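Scroll down for the structure; my scribbles are underneath it.
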Number of protein chains: 4
Amino acid sequence: MTLDAERRGPVPRRGRGRPPSPGLEDRRRAQIIAAAVAVFTERGYTDATMADIARHAGIGQGTLYRYVPSKRELLDLVFDYSVEQVVGAAEPALRLDEPPRSPAELLGRFDAAVQALTELFNRRPELLALVAVEAAAMDEELKLRLLGLESTVARMAARLCEDAQDAGLLRAGADPQVCGLLVTKTLLPPGLRQVLGQLDEAGRTRYHRAILDFVRHALLVDESGAQG
Amino acid sequence: MTLDAERRGPVPRRGRGRPPSPGLEDRRRAQIIAAAVAVFTERGYTDATMADIARHAGIGQGTLYRYVPSKRELLDLVFDYSVEQVVGAAEPALRLDEPPRSPAELLGRFDAAVQALTELFNRRPELLALVAVEAAAMDEELKLRLLGLESTVARMAARLCEDAQDAGLLRAGADPQVCGLLVTKTLLPPGLRQVLGQLDEAGRTRYHRAILDFVRHALLVDESGAQG
Amino acid sequence: MTLDAERRGPVPRRGRGRPPSPGLEDRRRAQIIAAAVAVFTERGYTDATMADIARHAGIGQGTLYRYVPSKRELLDLVFDYSVEQVVGAAEPALRLDEPPRSPAELLGRFDAAVQALTELFNRRPELLALVAVEAAAMDEELKLRLLGLESTVARMAARLCEDAQDAGLLRAGADPQVCGLLVTKTLLPPGLRQVLGQLDEAGRTRYHRAILDFVRHALLVDESGAQG
Amino acid sequence: MTLDAERRGPVPRRGRGRPPSPGLEDRRRAQIIAAAVAVFTERGYTDATMADIARHAGIGQGTLYRYVPSKRELLDLVFDYSVEQVVGAAEPALRLDEPPRSPAELLGRFDAAVQALTELFNRRPELLALVAVEAAAMDEELKLRLLGLESTVARMAARLCEDAQDAGLLRAGADPQVCGLLVTKTLLPPGLRQVLGQLDEAGRTRYHRAILDFVRHALLVDESGAQG
DNA sequence: CATGAATGAGTCTTCATTCAT
DNA sequence: AATGAATGAAGACTCATTCAT
């Protein structure tokens, strides 16, 4: 019965043909995005050719187009991927689910996020190019998405600042929304990279401290009397 | 003088007769840059064609190439022009030649610079597009020049912070280099535009104050009387 | 057994067991031609893709190529099929095996053929597109085959005219070959369709009569009594 | 004064540059259409490449696109050109402006039109291919235009038949609209070419006479008694 | 036997740049 | 000095066909 069942009905019992190995679609797409990241980074969006990317991915151009409808949409894919990486690195470091306990601990979280992002960008410098500056085919839509990235991170920071305010950690008069935005601008590594990248270890450490110091004064209640 | 003026171009020309009106070369170039700014802004670098630009400038394509060697170099020209405008707006507001007298006065200078830049970008929004985001042909060289813009402004801010430190206006432990950089990041209107642009007048004012407050705490000695 | 199962192909197969259902090859081909007719008709030969056709037939592309060696040859198949349908509709109506008995009866046969073809084309308008106009891949060979269709019908009509001449039904001086050709041109519905299709019932009837009248005078002896 | 007028004002006094030789645009287009006719005829629309056509015209591909916006529109141009040729050949032969005087004279006009068209198609066989059969990219729009050609000729013939009816030349009961259409179908050389092209001189003459005879009986009042 | 993923040759089209006038 | 017609290299994208499963 079960045997017969296989040969009956117009049901598209796809089966006899080459079974696509299960994760194929996802694997291909990942392979393609990786190649695109590499080529876009090296040549820039405009100068990168689909042929380049296909070659880099080790597949034919036709195959490329099986998984990606156009060059432009490939850029979107790459962009989404990069944003995901960035947000995915920052979010756990900020630990948005529990309110901060002390000014120092809040500062520590920001520091952790900076560290995580710095580490990410050191490990995969291409992401920096793609997220922050590779604004090649920067049409309106993509600009919005780029701003969206900073906004996303800024929103996360703002939420944290609100919790901090509730806990009495923010200095009097500080606006948590604004603080979230400015802290993000101040701490988001893409912006810092240009400086930090050109310093030696000692210089980096000095800058790192100075930056956190800057933020502490800008944001937090003064603990110096209580603890200093 | 007129003789010298004619020395442009290699061909020795007749000394008498109507020489091309002296400023012609400069005027043409300005005309071309203006057209390029308009077209690049509207279409984006990649989609802008040299034909577009020539038409917009009211000249022939051939003429365009008499004054600009290539599309890429035209972008450089446009970029330089934009940077010049931005720096030219910020510099006088900061009054780098005289050291700041009080924390409040220093803050006032930063505020003045922000106002000047905001006004510039409101009046000529294309500049924003070109300087901040129009990264179409963003090859390595251009990226550096873009970062260079922020660096230039940041250097100016840092110089001011040094003077402030000498005058005892900076809070203890503040690093003037870092402060210059971070103040720039915090105050450079392109970055703020996304937020401010979406608020009503009241919201803008609130943000404006919060931002300056942020900077005051981050940078300056406390004048509030409690500690000063 | 499973090993042997792979041996299909040209390899001599085991005499027992379930042979592929006998008509399978033919059924598949019919299924494919039907799909091709549909897709060619809708998209035109050039814009139709083999993937379209396979999908429409509910089979894989690979399977398609088991039964049809190339897209071009598939067009031939489709064409042959269409011609077969057309000739198959006209032939019985003309009753070539028995000579016509009277001018009126001959005219009646032409009329019957027209009716049969009209009905065919009304029922399956795709055939019209394919036979008469779908000349997409119209290379020399296909053009000849298309002309051949009309020739075939014209030859049938000419044979009938010869019989009519033998029976004294043709007006004096009429050339049966030429008459066959011209009657075909005049009566073959594809040509008429453009006109008849745009008229109401009454108009169609009027045209129908006028056309037969035209043919009667062109071909036949006058039965009106005045001269006959 | 008129001389001076040319060099004043911001009026786009295009002038200093390369003056396009006056008929250039038209000449180029004609050159391109000629090349397209040749290449389309030889390869068929689909297989013809724009590179082929440019090469055949002795110009670069870019130049081709200065004068023709796309391959498809080039086909339209070619088509229009062909129709113009055909109609231009038939119209004067039919002398639509003066009513026919006798059956024989009317027949003579049809004959003249046939001769003119035959001569045209003998001299420029490509036109036949393009007008009658080269239905390559036969989308709906082009089909309509093709039908339109026959319709145009048929309308001309119908007009003539109406005049003939008014002059009492048409046989009783003949519908001039239908007669115009059928005469066109019968006489339009593209349809006849297949037969006439395959006969020797004598055969052609015989056919030619038979066809006119066919039309005379189909259309006209019987002069045989009066004159025969 | 069936399948559909993979392929890459082949096309139309654009545009920076040149140069005859 | 100015013009714009001409050029051709280059690239995104399609699809008939093959073949591993």
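For clarity, every value in this text was computed on a predicted model and none was experimentally measured. In what follows, every chain begins at residue 1, and chains take the letters A, B, ... in the order their sequences are listed. Any value given below was found using the heavy atoms of this structure, including those in side chains, with hydrogens, waters and symmetry copies removed.
- Between the side chain of A/E126 and the backbone N or O of A/V37, no donor-acceptor pair lies under 3.5 Å.
- Distance, C/R72 CZ to F/dT17 C1': 17 Å, rounded to whole Å.
- Between E/dT17, F/dA12, F/dA6, one nucleotide has an atom nearer to the side chain of D/R66 than all others, and that is F/dA6.
- Within a heavy-atom distance below 4.0 Å of DNA chain E, no residue of residues 51-60 of chain B is found.
- Under the side chain to side chain donor-acceptor pair (under 3.5 Å) criterion, A/R29 pairs with A/E25, not counting sequence neighbours.
- Residues forming a side chain to side chain contact (heavy atoms under 4.5 Å, CB included) with B/E42 (at least two apart in sequence, or on another chain): none.
- Rounded to a whole Å, the CG atom of B/L74 is 14 Å from the C1' atom of E/dT17.
- The side chain of A/T63 lies closest to E/dT7, out of F/dT17, F/dA12, E/dT7.
- Contact record, C/F40 with C/A48: CD2-CB, 3.7 Å, taken as the closest heavy-atom pair.
- Which of E/dC12, E/dA2, F/dC15 sits closest to the side chain of D/M50 comes down to E/dC12.
- Taking atom CZ on C/R28 and atom C1' on E/dA2, their separation rounds to 8 Å, with Å as the unit.
- Separating the P atom of F/dT21 from that of E/dC1 is a span of 22 Å, rounded to the nearest Å.
- One atom, CD of D/E25, and another, C1' of F/dA6, lie 14 Å apart when rounded to the nearest Å.
- Between the C1' atom of E/dA16 and the CG atom of B/L64 lies a distance of 10 Å, rounded to the nearest Å.
- The shortest heavy-atom contact between D/K71 and D/Y45 is NZ-O, 3.0 Å.
- The interatomic distance linking A/Q31 (CD) with E/dA6 (C1') rounds to 12 Å, in whole Å.
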- Under the side-chain contact (heavy atoms from CB on, under 4.5 Å) rule, what do B/I32 and B/I59 come out as? Steps first, then yes or no, please. CA-CA 9 Å; B/I32 288 171; B/I59 61 178; 3.9 Å; yes

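- For D/Q61, there are no side chain to side chain donor-acceptor pair (under 3.5 Å) partners two or more places apart in sequence or in a different chain.
- Among the nucleotides E/dA2, E/dT17, E/dT14, the one closest to the side chain of B/Q61 is E/dT17.
- Considering every non-hydrogen atom in both B/I53 and B/A35, the closest pair reads O-CB, 3.8 Å.
- Projected onto DNA chain F by closest heavy-atom contact, B/G62 and C/G62 fall at different nucleotides, the more 5' of which corresponds to B/G62.
- By the salt bridge (Lys or Arg N to Asp or Glu O under 4.0 Å) test, D/R55 pairs with D/D52, sequence neighbours left out.
- Axis angle across the helix from E/dA2-F/dT21 to E/dT21-F/dA2, with five pairs used at each end and values rounded to 10°: 0°.
- Set against F/dA2, F/dA12, F/dC15, the side chain of B/Y67 has F/dA2 as its closest nucleotide.
- As rounded to whole Å, 12 Å separates atom P of E/dC15 from atom OH of B/Y65.
- Rounded to whole angstrom, the span from the NZ atom of B/K71 across to the P atom of E/dC15 amounts to 8 Å.
- The two residues D/S70 and D/M50 have their closest heavy-atom pair at C-CE, 4.1 Å.
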